[in-house]
Amino acid sequence: MSTPPRVRFAPSPTGFLHVGGARTALFNWLYARQTGGTLVLRIEDTDRERSSEAHTQVILDGLTWLGLDWDEGPLFQGAHADRHREDALRLLAAGKAYKDFMTAEELTAAREEAKAEGRPFRYHRAEVGLPPEETARREAAGMPHAVRFAMPDEELAWDDAVHGRISWQGRDLDDFIILRSDGTAIYNLAVVSDDVAMRISHVIRGDDHVSNTPKQIALYRALGHPVPTFAHVPMILGSDGKKLSKRHGATAVGDYREEGILPAAMRNFLALLGWSPGNDDEVLPLDEVIARFDLGGIMTKPAVFDTTKLEWMNGQYLSMLPAEELLAPVERELARLGIDPAGRDLLPVIEAVKARSRTITVVAEQVAARLPGATLPRDDKAHKLIDKLGDRFAINLGLAREALTAVVESAWQPAHLETVIKAVAEEGGLKLGDVMQPIRVALTGGTVSEPVHELLAVIGRDESLRRITAA
RNA sequence: GGCGCUAUCGUCUAGAGGCCUAGGACACAGCCCUCUCAAGGCUGGAACACGGGUUCGAAUCCCGUUAGCGCUACCA
C-alpha cells in the first residue's frame, strides 16, 4: 500500500464557480474520498487585477453547496510569492533560466513583425532576444528584466491518467517567462512551486491545461522534483458545441441553485458528464459514485452540458427524496417569492407536489398555490375546459360543492373525499372527469395537479370550499 | 500558421477484435395506466466522420484526410 494521494483543486477567483470548475473539483474530491487521500483547496489569486475576495467566497460557497469539502486550505497562492521567487532565482543561479531585458513593447513589435512575415513566433534564446552586448549594457544600467526559463531540447512526455501517453518536444516550446520584471512569478512556475510544496501526487485539472503540462514537467525536472501523475479532464461545451459561456445561459453553479436544482442532483449529473461507471446506471447514490469512481473512466472528449437532462435528474431526486429533506430549500424559495407559510405544516404539501415537479422552484410555486390566500390565475387549458363544458362547469361544480359541504372536518380525508366525488358523478350520470376537472380548476386555476381528492385534503376543507364557491 | 488533444444516435454514454442486424439514458412520437399531469410500463424513429490498411474477422488496432476544440501573454 503506497502513501495516500494528495490532490488539489485550484480555482482562480476571477469569476463565479463555473460548472466546469465544479466538475473538476468533484472529480478531485471523488478521487480523494475513494482513495483516502487528501484534497487541498488552493486559491490562485496571483492575478491581482482580476481576483477578488468576493469571488473567493462565492467559489467556497459553491463547493459547500455541492457538498464538497476539503482537507487543507483554502491556501492562497499569493501568500507564497517569496517561495515562487526563490525557486525562480534558484533556476537562474543554476543556469537553467536567464535574464531577459527586452521590454514588453519590443516583444510585441517582434511578434507583430513575425506575424507580418507569416512566420511563427517562438521565443527562444538562440533565435530571439537582444544581442549579448545590449543585454550587458542594460544589465549594467540596472534596467528591469524578466526571467525566462531555458527550455531544454528534450522530449517532455507523460502518461496521462485519462488520455494515455502525451508527448511534446521541448524545441517546440518557448523559453517562457517565469518571473515578471516586477519580480513576481508567472502561473506555470507558481503552480509547480506550490504543487511541490504541497506534495501533490495527482494533478486532476481541465484539458485546457495539457499545453501547460510539458512546461511544468520541464520545471519539475529543472527544480529536481519528481513529476506527479496528471489527469486531464475534458471541457464542458454549450449546446452549440462551443465552449460553455454566458451565451448559453446559466454556467455558474450558483445559477442552478437559484433555478431550484438540488445539490445531490447536480453532483450526480456532473459526475456522469465526462465520466462513466462503465454500465447503464444513471441515478447513482453518492457513496456508490465514490466507490466506483476511477480516473480511467473519464472521457477523452468534451461533453455538451444538457440542461434538460439535468432537470430530469433533478426530478428523479425530487421524487425519491423525502419531503423533510426538501423543506429547507422550499422554505428558502418561498421566502424569495415573498410568501409566508404562517406556521402551516408544509411537509404534506411538498409531498403532494414534488413528484410532479422538476425543480425546487416549481415545488415552491405549487406549494404556494395550495396555501390559503393564494392568487390563482387561470391558465389557457383551464379556459378551454370551461369553454368546453359551458354551463356544465358551474352546474357540476355546484353539485360537488353541495356534496363536499356535507363532509365534516374530521371526515375530510383523501379516501372519503374520493368516494364522495365518485358518488356525485354516479348520481348525476356524469363522467368522473367532468366533475373532477372543474374542482381542480377551482382549486388551482389549472388543469394539472395531484389526484383531486388528495388536492382537496392538502388544501383543507375551509379553503377548498372557499375556492370552489369563489369559482 | 505551429504544437497538442478529440471523433458511436440531436445530447450524455456502453463497447477495450468475433457476444454488435451497436446496448442504455435524456429528448421526441405512439400506446398502456388514469379524473388531469407527472411517475411507471411497452413500442418506434435515431449513431460507429471519411478513406486506406492489419486480420479469417474491426466501432474496437495502425496510417492518412476532414472537422471540432485547446494552447501559442511579463493571464490563470
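Letters A, B, ... mirror the listed sequences (proteins, then strands); counts begin at 1. Just so you know, these numbers use all the heavy atoms, side chains as well, and skip hydrogens, waters and symmetry mates. The structure displayed is predicted, hence computed values, not measured ones.
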Polar-atom pairs under 3.5 Å, protein N or O versus N or O of nucleotides 70-74 of chain B: list them with distances, or write none.
{"unit_1": "B/rC71", "atom_1": "O4'", "unit_2": "A/Ser211", "atom_2": "OG", "d": "3.0"}
{"unit_1": "B/rC71", "atom_1": "O2'", "unit_2": "A/Ser211", "atom_2": "OG", "d": "3.2"}
{"unit_1": "B/rA73", "atom_1": "OP2", "unit_2": "A/Arg111", "atom_2": "NE", "d": "3.3"}
{"unit_1": "B/rC74", "atom_1": "OP2", "unit_2": "A/Arg111", "atom_2": "NH2", "d": "3.4"}
{"unit_1": "B/rC74", "atom_1": "O2", "unit_2": "A/Ser181", "atom_2": "N", "d": "2.9"}
{"unit_1": "B/rC74", "atom_1": "O2", "unit_2": "A/Ser181", "atom_2": "OG", "d": "2.9"}
{"unit_1": "B/rC74", "atom_1": "N3", "unit_2": "A/Ser181", "atom_2": "OG", "d": "3.0"}
{"unit_1": "B/rC74", "atom_1": "N4", "unit_2": "A/Met102", "atom_2": "O", "d": "2.7"}

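- Among B/rC3, B/rC69, B/rU6, the nucleotide with an atom closest to any side-chain atom of A/Asp172 is B/rC3.
- The nucleotide B/rG1 finds its pairing partner in B/rU72, both defining distances of the Watson-Crick or G-U wobble pair being shorter than 3.5 Å.
- Checked against the 6.0 Å centroid threshold, A/Phe293 and A/Phe27 count as a close aromatic pair.
- You'll find that the side chain of A/Lys301 is closest to B/rU8, out of B/rU36, B/rU11, B/rU8.
- A/Tyr187 pairs by the ring-ring contact (aromatic ring centres under 6.0 Å, His included) definition with A/His209, not counting sequence neighbours.
- Base pairing of B/rA67: its partner is B/rU6, meeting the Watson-Crick or G-U wobble criterion (both donor-acceptor distances under 3.5 Å).
- The aromatic rings of A/Tyr220 and A/Phe230 stand perpendicular to each other, their planes meeting at an angle above 60°, with 30° marking the opposite boundary.
- For B/rA39, one of the phosphate oxygens OP1 or OP2 lies less than 4.0 angstrom from a side-chain nitrogen or oxygen of A/Arg358.
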Side chain to side chain contact (heavy atoms under 4.5 Å, CB included) assessment of A/Arg392 paired with A/Leu430 = CA-CA 10 Å; A/Arg392 297 304 311 175; A/Leu430 303 164; 3.2 Å; yes

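- Below the 3.5 angstrom threshold, one finds a donor paired with an acceptor across the side chain of A/Lys309 and the base of B/rA25.
- With a cut-off of 3.5 Å on both Watson-Crick or G-U wobble distances, the partner of B/rA22 is given as none.
- Within residues 452-459 of chain A, the residues that have a heavy atom under 4.0 Å from RNA chain B are, in order of number, A/Val452, A/His453.
- A cation-pi contact, defined as under 6.0 Å to the ring centre and within 45° of the axis, is absent between A/Lys215 and A/Phe149.
- Between the C1' atoms of B/rG10 and B/rC28, the separation comes to 10 Å (whole Å).
- Residue-to-nucleotide proximity on RNA chain B shows that, of A/Gly433 and A/Ala355, the 5′-proximal contact is made by A/Gly433.
- For A/Ser12, the listed nucleotide lying nearest its side chain is B/rA76; candidates were B/rC12, B/rC35, B/rA76.
- If you check B/rA16 for Watson-Crick or wobble pairing at under 3.5 angstrom, you find it has no partner at all.
- Where A/Ser167 and A/Asp434 each meet RNA chain B at their nearest nucleotide, the meeting point lying more 5' is that of A/Ser167.
- Distances from the side chain of A/Met299 to the nucleotides B/rA14, B/rU11, B/rC35 place B/rA14 closest.
- Between B/rA7 and A/Thr300, a contact under 4.0 Å exists linking OP1 or OP2 to a side-chain N or O.
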A/Val203 and A/Val191: side chain to side chain contact (heavy atoms under 4.5 Å, CB included), yes or no, with the steps?
-> CA-CA 10 Å; A/Val203 174; A/Val191 166; over 6 Å; no

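- When the C1' atom is compared between B/rC9 and B/rC48, the two are found 10 Å apart, to the nearest whole Å.
- Comparing B/rA67 with B/rG30, their C1' atoms sit 37 Å apart, to the nearest whole Å.
- Listed pair A/Thr46 / B/rA76 meets the phosphate criterion, a side-chain N or O lying under 4.0 Å from OP1 or OP2.
- Nearest to the side chain of A/Ser276, among B/rC35, B/rU13, B/rA76, sits B/rU13.
- At B/rC69, one or more side-chain N or O atoms of A/Lys242 fall inside 4.0 Å of OP1 or OP2 (strictly under the cut-off).
- Across all strands shown, B/rC42 forms a Watson-Crick or G-U wobble pair, both distances under 3.5 Å, with B/rG30.
- Applying the Watson-Crick and G-U wobble criteria (two distances, each under 3.5 Å), B/rU55 pairs with nothing in any strand.
- Evaluated for a side chain to side chain contact (heavy atoms under 4.5 Å, CB included) with A/Phe269, the options A/Phe305, A/Tyr256, A/Trp312 yield exactly one hit, A/Phe305.
- Spacing of P atoms, B/rU54 relative to B/rC71, comes out at 40 Å, to the nearest Å.
- In this structure, B/rU60 makes no Watson-Crick or G-U wobble pair, since no nucleotide meets both defining distances under 3.5 angstrom.
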